[in-house]
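Worksheet: the structure to be examined is printed underneath.
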Amino acid sequence: MVKLFYLIAVGVAGFGLIMMIQESGRKVISTKEVYELMQKDTNVVVLDVRTPAEYRGELGHVKGSILIPVQELEGRLHELEPFRNKTILAICRSGNRSSRAATLLNEKGFKALNVEGGMLKWNKEKLPVEKE
């Protein structure tokens with residue numbers, strides 16, 4: 001019973017953080033906020049919009065992230081349909097491509113935020129990465 005209460009409380013807190021960010025008009029989220037949300041909220045999806053070579057490269061990628069390069073995103077939006085009711089956190093190398101991706105996703109009716117600083121900042125903060 002206590003475990004169920006904890007899971008509900010954590011989920012509500014994570015959802016609340018996302019809603020505060022979105023309602024404030026802020027379209028970015030920090031890497032630390034992403035990492036914290038991933039620990040407690042199953043309603044977030046990390047979308048990596050770099051190239052496959054970058055995804056497998058030296059910066060690595062966020063564990064569990066979905067890879068759709070930004071130049072292919074519009075043509076592959078159908079792949080994100082299962083996540084339409086979740087918040088999509090777009091990440092790239094530095095935050096530029098993911099900003100474009102988040103804008104496109106929001107225009108198409110998804111809920112998306114840009115991960116500020118991208119994988120460069122993620123690595124700088126020594127957050128966990130997966131490498132192939």
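Listed here is the closest heavy atom pair of Glu116 and Thr31: O-CG2, 3.6 Å. Across Arg100 and Val70, no two heavy atoms sit closer than the pair NH2-CG1, 3.6 Å. In this structure, Ala101 and Ala90 approach most closely via the heavy-atom pair CB-CB, 4.3 Å.
The side-chain heavy atoms of Leu73 and Leu80, taken from C-beta on, include a pair separated by under 4.5 Å. At a threshold of 4.5 Å between non-hydrogen side-chain atoms, the residues Leu105 and Leu47 count as touching. For the pair Val115 and Ser98, the minimum side-chain heavy-atom distance is 4.5 Å or more. Using a 4.5 Å cut-off on side-chain heavy atoms (C-beta onward), Ile29 and Leu37 make contact. Using a 4.5 Å heavy-atom threshold, the side chains of Met119 and Val62 count as touching. Counting heavy atoms from C-beta on, the side chains of Lys111 and Phe83 never come closer than 4.5 Å.
The CG atom of Asn106 sits 12.0 Å away from the NZ atom of Lys108 when rounded to the nearest 0.5 Å. Atom CG of Leu59 sits about 10.5 Å away from atom OG of Ser94, to the nearest 0.5 Å. The NZ atom of Lys63 lies 14.5 Å from the CG atom of Leu127; values are rounded to the nearest 0.5 Å. Remark: Ser99 OG to Leu113 CG distance equals 11.0 Å, nearest 0.5 Å. Taken from CD in Glu54 to CG in Asp48, the straight-line distance is 8.0 Å, to the nearest 0.5 Å. Taken to the nearest 0.5 Å, the OG1 atom of Thr103 stands 8.0 Å off from the CG atom of Asn114.
Following chains of ILVMFWY side-chain contacts shorter than 4.5 Å, one cannot reach Ile68 starting from Ile91, and the two form parts of different hydrophobic clusters. Val49 and Leu120 are not part of a single hydrophobic cluster, where members link through side-chain heavy atoms under 4.5 Å apart. A continuous path of hydrophobic side-chain contacts links Ile66 to Phe110 [ILVMFWY only; heavy atoms under 4.5 Å].
Within a 6.0 Å radius of CD in Glu58, other residues, nucleotides and ligands contribute 12 heavy atoms or fewer. Glu74 CD: 12 or fewer foreign heavy atoms inside a 6.0 Å radius.
Here the side chain of Trp122 pairs a donor or acceptor atom with the backbone of Pro128 at under 3.5 angstrom.
For Glu72, the side chain to side chain donor-acceptor pair (under 3.5 Å) partners two or more places apart in sequence, or in a different chain, are Arg76.
A side chain to side chain contact (heavy atoms under 4.5 Å, CB included) with Leu89 is found for exactly one of Val45, Val28, Val34, namely Val34.
Ring planes of Tyr55 and His61: parallel class, angle under 30° (limits at 30 and 60°).
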